[in-house]
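Worth knowing before you read on, the calculation uses all heavy atoms, side chains too, and leaves out hydrogens, waters and symmetry mates. Labels below follow one simple rule: chain letters A, B, ... track the order of the sequence lines, proteins then strands, and each chain is numbered from 1.
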Protein chains: 2
Amino acid sequence: MNDKYESIRLRNQLCFPLYAVSNMITRKYKPLLDELDLTYTQYIVMMVLWEEEKVNEKLLCETLCLKSNTVAPLLKKLESKGYIKKSKDSDDERNIIISLTKTGEKLKDKALDVPKGIACRINLSKEEAMTLYKILYKMLDEDKKEGD
Amino acid sequence: MNDKYESIRLRNQLCFPLYAVSNMITRKYKPLLDELDLTYTQYIVMMVLWEEEKVNEKLLCETLCLKSNTVAPLLKKLESKGYIKKSKDSDDERNIIISLTKTGEKLKDKALDVPKGIACRINLSKEEAMTLYKILYKMLDEDKKEGD
DNA sequence: CTGAATTATATCGCATACGATTTAATTTTG
DNA sequence: CAAAATTAAATCGTATGCGATATAATTCAG
C-alpha cells in the first residue's frame with residue numbers, strides 16, 4: 001500500500017479539501033446573497049466598506065488577498081449597481097478611493113441576516129471553528145511575510 | 001466595540017480566510033504545475049486518473065465536488081493536450097468513461113515533484129496540518145449528507 | 001410497448017482569478 | 001528640472017465555477 005505514489009493521491013492532499021470547502025462555501029452563500037443582489041466576492045468588498053467607509057483600491061486588494069485585475073471589474077459592477085462610488089485622491093491622482101453610496105450604506109442592515117443564515121449551514125463546534133480560523137490566518141500571515 | 005455589526009466584520013468571518021487560503025494555494029501551485037502544463041483544477045483531475053485508471057464523468061464530478069459544467073471543459077482541454085481520452089460506456093451510452101493516454105500516464109512520475117515543492121511553501125506543523133485536514137473533511141462530509 | 005419521467009452530458013451566460021502588458025501619475029536621480 | 005524608475009490602475013487573454021437550459025439515452029408506467 002505504501003507505494004511511491006502515495007503523495008499524489010487525492011485523499012492525501014491538504015490543498016484539495018481547502019479548495020473544495022472554499023467552493024462549497026461560495027455555493028452556500030449564494031441563496032443568502034441573492035437577497036442583497038451580491039455575489040460572494042462582491043459581499044467581501046462591501047464588508048470592508050461597511051467597516052471603513054472609505055478605502056483605497058490598492059489597500060482593498062491587499063485586505064482581500066486579491067489582485068487588482070480581479071477587484072477592478074468587481075468595483076465596476078458594484079458601481080453600476082449603485083452601491084459604491086469611486087473618486088481620485090487629490091494628493092495622488094493614481095490612487096482611487098472607494099466609498100459607499102446611500103444605497104450601499106443601507107444594505108448593511110439587511111446584511112446582518114447573512115451570518116445567521118450561514119452559521120446554521122456549517123456544522124462546526126466553537127472550538128473547531130476557532131482552531132480552523134487560527135490555522136488559516138497563520139497560513140495567510142506566513143504567505144504575507146514571504147511576499148516581502 | 002461590541003456593536004451590532006460585529007458579525008459582518010471581515011475579520012470575524014471564518015469563510016473569508018478559507019476563501020483567501022484557497023486562492024493562495026492555487027497561486028502557489030502554479031509555478032510547479034507549469035512544469036507539467038497543468039492548471040490546479042486539471043491537476044486534481046489527473047490525480048484521480050493516476051489512481052483509478054478509468055473513471056466515469058459523473059463519479060469524477062462527485063469526487064472533486066465540482067459540477068459537470070465545470071469539469072466538462074476541463075476534460076476537453078486535457079483531451080486536447082493528449083493526456084486523457086474519452087469513451088462511452090457500451091452498457092449505457094449516456095455514461096462517459098475517462099481514461100489516461102500513454103502521455104498522461106507518463107506524467108505521473110513527473111508529478112511526484114509537486115507535493116515536495118508545495119510542502120516547503122506551507123509552513124504548518126504535522127499536527128496543524130492533520131487538524132486542518134480533519135475539520136475540512138468534516139465540513140465536506142456534512143455537506144454531502146445534506147445533499148441527500 | 002409507447003409516451004412520460006429520469007438521468008448523464010453538453011451548451012450558454014455571467015462572474016470571478018490571475019499573469020502579462022499597457023497607461024497614467026509621481027518620485028527619484030543625475 | 002528633465003529623463004528614468006517606480007507605482008497604481010486599467011486592459012487583455014486564459015481558465016475556472018456554477019445556475020439554467022437543452023439534448024440524448026434509458027427507464028418507468030399504464
Choose from D:dT11, C:dT11, C:dA15 the nucleotide whose nearest atom is closest to any side-chain atom of B:Lys76. C:dT11
What integer distance in Å separates A:Glu57:CD from C:dA24:C1'? 14 Å
To the nearest 0.5 Å, tell me how far B:Lys81 NZ sits from B:Gln42 CD. 3.5 Å
Closest approach of A:Ile8 and B:Ala111, non-hydrogen atoms and distance? CG2-O, 3.7 Å
Any donor-acceptor pair under 3.5 Å between the side chain of A:Arg94 and the base of D:dT7? yes
Gap between atoms CG and P, on A:Asp89 and C:dT27 respectively (whole Å): 11 Å
Does C:dT16 have its OP1 or OP2 closer than 4.0 Å to a side-chain nitrogen or oxygen of A:Thr41? yes
In terms of the nearest nucleotide of DNA chain D, which residue is placed more toward the 5' end: B:Lys67 or A:Lys86? A:Lys86
Using whole Å, report how far CD of B:Gln42 lies from P of D:dT14. 14 Å
Out of C:dA25, C:dT9, D:dA9, whichever nucleotide has its closest atom nearest the side chain of A:Ile96: D:dA9
Return the CD to CE distance between A:Glu142 and B:Met24, rounded to the nearest 0.5 Å. 9.0 Å
Inter-residue atom distance A:Lys58.NZ - A:Asn95.CG, 0.5 Å rounding: 9.5 Å
Select one nucleotide: of D:dG19, C:dT9, C:dA25, the one nearest the side-chain heavy atoms of A:Arg27. D:dG19
Can you tell which of D:dG17, C:dA17, C:dT26 lies closest to the side chain of B:Tyr19? C:dA17
Please set out all donor-acceptor pairs under 3.5 angstrom arising from side-chain atoms of residues 98-105 of chain B, sequence neighbours excluded.
from	atom 1	to	atom 2	distance (Å)
B:Thr101	OG1	B:Gly82	O	2.5
B:Thr101	OG1	B:Tyr83	O	3.1
B:Thr101	OG1	B:Thr103	N	3.4
B:Thr101	OG1	B:Gly104	N	3.1

Rounded interatomic separation in angstrom, taking CZ from B:Phe16 and P from C:dT16: 15 Å
Nearest to the side chain of B:Asn95, which nucleotide is it out of C:dG19, C:dA10, C:dA8? C:dA8
So A:Tyr43 and A:Trp50, would you call those rings parallel, tilted or perpendicular, with 30° and 60° as cut-offs? perpendicular
At less than 4.0 Å, is any side-chain N or O atom of A:Lys30 found next to OP1 or OP2 of D:dC18? Yes or no. no
Does a side-chain N or O from B:Lys58 land closer than 4.0 Å to OP1 or OP2 of C:dT7, or not? no
Residue mapping more 5' on DNA chain C - nearest nucleotide basis, B:Asn23 or B:Asp92: B:Asp92
Output the rounded distance in Å from NZ (A:Lys81) to C1' (C:dC14). 11 Å
Give the rounded distance in Å between these two atoms: CG of A:Leu66 and P of C:dG19. 11 Å
Looking only at side-chain atoms of B:Leu74, point me to the closest of D:dT16, C:dC18, D:dA10. D:dT16
Closest to the A:Ala72 side chain: D:dA15, D:dT11, C:dA25? D:dT11
Could you give the OH-to-P distance, from B:Tyr40 to D:dG17, as a whole number of Å? 10 Å
Specify the separation, in whole Å, of atom CG of B:Leu60 and atom P of C:dA8. 14 Å
Quick one: which of C:dA10, C:dC18, D:dT26 gets closest to the side chain of A:Asn69? C:dC18
Taking only side-chain N and O atoms of A:Thr39, does any of them lie within less than 4.0 angstrom of OP1 or OP2 on C:dT16? yes
Base, sugar-phosphate, or nothing: which does A:Lys88 touch, judged by heavy atoms less than 4.0 Å apart? nothing
